[in-house]
2 protein chains.
Amino acid sequence: MAFTLDTVDKKILNILQKDARITTKALAEKLGLTTTPIFERIRRLEKNGVIHKYVCLLNPKHIDRKLTVFISISIKNHGVTYVGSFIKEMEAVPDVMEIYHIGGNYDFLVKVMMRDMEAYQKFVLNKLSNIGNIDHIQSSFVLSNDKFTTAFELSLTNP
Amino acid sequence: MAFTLDTVDKKILNILQKDARITTKALAEKLGLTTTPIFERIRRLEKNGVIHKYVCLLNPKHIDRKLTVFISISIKNHGVTYVGSFIKEMEAVPDVMEIYHIGGNYDFLVKVMMRDMEAYQKFVLNKLSNIGNIDHIQSSFVLSNDKFTTAFELSLTNP
DNA sequence: CGTGAAAGTTGTAATCA
DNA sequence: TGATTACAACTTTCACG
């Protein structure tokens with residue numbers, strides 16, 4: 001689980017995180033190598049699990065998902081089985097993009113993305129209200145998403 | 001900006017959102033078509049901006065980013081220029097993955113991912129404290145990330 | 001670890017239904 | 001729109017430094 005990534009690995013990952021479609025040939029040229037080492041390094045990073053998956057990101061506005069809401073949720077019963085089934089139920093909801101178990105005033109932070117306010121209202125009334133163990137919720141509506149990146153900046157200087 | 005996606009488009013997007021590396025040939029076989037229509041549909045979706053980009057997702061734990069923190073921030077001056085420069089400054093910080101302008105008790109919700117608590121402390125002391133216009137912050141530490149997906153479920157039945 | 005070349009698959013465009 | 005064909009480009013493997 002502790003992998004040592006050298007400078008070349010990090011350079012590959014920094015590029016692949018921004019453009020997963022780049023060819024190994026183009027990558028090789030950028031890094032001053034031939035395709036073989038690039039190809040084998042990428043395969044190693046995939047087998048290692050460092051590279052988790054390749055995805056395409058859609059523009060939410062173009063597929064009618066203009067509303068993002070962060071829901072802070074506190075639950076009643078904090079036992080493992082109760083928390084576990086709460087998570088299972090939330091996970092299964094398609095519009096729920098992210099679920100974080102957090103420490104602080106609330107127990108969970110949940111990000112949902114949907115068409116509009118009307119869809120959100122239906123979600124709260126039909127889905128959320130049917131999920132057990134919820135004590136209190138607070139919705140934070142997103143006015144604008146000013147940064148969203150899935151790419152980590154892997155530093156080439158410090159370890 | 002209003003694009004009509006038919007069933008085939010949606011099927012393509014649903015698959016590409018989970019596996020951006022699939023070949024057009026494999027995609028074609030899955031959908032019972034030949035490569036040409038798949039290739040041209042994907043190109044159209046890219047040109048449209050429906051497909052925003054292709055990225056690879058890394059496993060945060062494998063690259064030493066074990067701590068996620070959501071920071072709720074309220075600011076002092078809510079004028080456009082002040083808010084604008086606050087966003088610019090935050091955007092530039094590498095460990096800041098997401099910035100949301102929200103309505104409610106706080107003005108912004110910011111997601112940061114870093115090595116550990118010590119790194120977070122340094123971030124607060126050296127970065128956050130140097131950013132102007134901040135009134136109050138509240139950190140929510142993530143205990144576990146129970147769901148994280150970038151893929152929207154495009155329904156094939158209802159529009 | 002890297003290079004270079006060879007073989008097998010794809011991406012991509014032109015043409016026709 | 002989609003199928004067929006065809007070629008350039010890429011992926012992937014292998015023998016060698």
Side-chain angles (χ1 to χ4, degrees), chain A residues 1-59 62-64 150-151 154-159, chain B residues 1-59 62-64 150-151 154-159:
Chain A
M1 182 125 154
F3 309 114
T4 35
L5 305 175
D6 67 10
T7 309
V8 178
D9 289 327
K10 288 176 186 168
K11 282 180 183 170
I12 292 173
L13 292 174
N14 279 337
I15 294 171
L16 241 33
Q17 283 185 99
K18 289 177 194 148
D19 175 16
R21 273 270 174 118
I22 190 172
T23 63
T24 54
K25 195 190 172 193
L27 207 39
E29 279 162 11
K30 273 199 179 192
L31 304 185
L33 288 168
T34 49
T35 60
T36 311
I38 303 296
F39 176 76
E40 279 169 359
R41 278 166 181 272
I42 292 174
R43 180 157 57 182
R44 211 195 73 233
L45 292 164
E46 289 167 352
K47 294 264 186 275
N48 276 347
V50 173
I51 293 179
H52 176 234
K53 65 195 308 194
Y54 299 91
V55 302
C56 92
L57 302 181
L58 306 188
N59 187 331
H62 290 200
I63 52 164
D64 212 33
T150 55
L154 302 184
S155 168
L156 305 176
T157 54
N158 56 295
Chain B
M1 183 127 154
F3 309 112
T4 34
L5 306 175
D6 66 11
T7 310
V8 178
D9 290 327
K10 290 177 186 169
K11 282 181 182 171
I12 291 174
L13 292 173
N14 279 337
I15 294 171
L16 242 31
Q17 284 185 98
K18 289 178 193 148
D19 175 16
R21 274 273 176 111
I22 190 171
T23 62
T24 54
K25 194 189 171 193
L27 207 38
E29 280 164 10
K30 271 198 179 194
L31 304 185
L33 288 167
T34 52
T35 61
T36 311
I38 302 295
F39 175 74
E40 278 169 0
R41 279 166 180 270
I42 291 175
R43 180 157 58 184
R44 211 195 73 231
L45 292 165
E46 290 167 352
K47 294 264 184 277
N48 274 347
V50 174
I51 292 180
H52 176 234
K53 66 194 307 198
Y54 298 90
V55 301
C56 91
L57 302 181
L58 307 187
N59 187 332
H62 286 19
I63 53 163
D64 212 31
T150 54
L154 303 185
S155 168
L156 306 177
T157 53
N158 56 296

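Lettering follows sequence order; numbering is per chain, from 1. Remember, predicted model here, so these are calculated numbers, not experimental data.
- For the OP1/OP2 pair of D:dT11 and a distance below 4.0 Å, the side-chain nitrogens and oxygens of A:Thr24 include at least one atom meeting the criterion.
- As judged by a 4.0 angstrom heavy-atom cut-off over every strand, B:Pro37 is placed among residues touching the sugar-phosphate backbone only.
- Taking the side chain of A:Thr34 as heavy atoms from C-beta on, and the options C:dT12, D:dG2, C:dG4, the nearest nucleotide is C:dG4.
- Distance, B:Arg43 CZ to C:dG11 P: 13 Å, rounded to whole Å.
- One atom, CZ of B:Phe39, and another, P of C:dA14, lie 11 Å apart when rounded to the nearest Å.
- Separating the CG atom of A:Leu31 from the P atom of C:dC1 is a distance of 16 Å, rounded to the nearest angstrom.
- Taking atom C1' in both D:dA15 and C:dG2, one finds a spacing of 13 Å when rounded to whole Å.
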>> Walk me through whether A:Val50 and A:Phe3 qualify under side chain to side chain contact (heavy atoms under 4.5 Å, CB included).
In response: CA-CA 8 Å; A:Val50 173; A:Phe3 309 114; 3.6 Å; yes
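- A straight line from CZ of B:Arg41 to P of D:dT1 spans 7 Å, rounded to a whole angstrom.
- A side-chain donor from one of B:Ser155 and B:Thr157 sits under 3.5 Å from a side-chain acceptor of the other.
- Using a 4.5 Å cut-off on side-chain heavy atoms (C-beta onward), B:Lys11 and B:Leu27 make no contact.
- Between the P atom of C:dG2 and the CG atom of A:Asp9 lies a distance of 9 Å, rounded to the nearest Å.
- Remark: P of C:dT10 and NZ of A:Lys25 are 19 Å apart, rounded to the nearest angstrom.
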>> Counting Watson-Crick and G-U wobble pairs with both distances under 3.5 Å, what is the dot-bracket string for DNA chain D, 5' to 3', using [ ] for crossing pairs and | for pairs to another strand?
In response: |||||||||||||||..
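- Contact annotation: B:Arg21 side-chain N/O to D:dT11 OP1/OP2 distance is not under 4.0 Å.
- Atom CG of A:Leu27 is separated from atom C1' of D:dT11 by 13 Å (rounded to the nearest Å).
- At whole-Å resolution of the value, OH in A:Tyr54 and C1' in D:dT11 are 13 Å apart.
- Atoms CD and NE2, from A:Glu46 and A:His52 in turn, are 12.0 Å apart once rounded to the nearest 0.5 Å.
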> So A:Leu45 and A:Leu5, side chain to side chain contact (heavy atoms under 4.5 Å, CB included) or not? Walk me through it.
Replying inline: CA-CA 9 Å; A:Leu45 292 164; A:Leu5 305 175; 3.6 Å; yes
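- Checking C:dG11, D:dA3, C:dG2 against every side-chain atom of B:Thr23, the shortest atom distance belongs to C:dG11.
- Looking only at distances, a side-chain donor or acceptor of B:Asp19 sits under 3.5 Å from a matching main-chain atom of B:Arg21.
- At a cut-off of 3.5 angstrom, counting only N and O atoms as typed in the model, there is a donor on one side and an acceptor on the other between the side-chain of B:Thr36 and the base of D:dT4.
- Between A:Arg41 and A:Asp6 there is a salt bridge, since a side-chain N of the basic residue sits under 4.0 Å from a carboxylate O of the acidic one.
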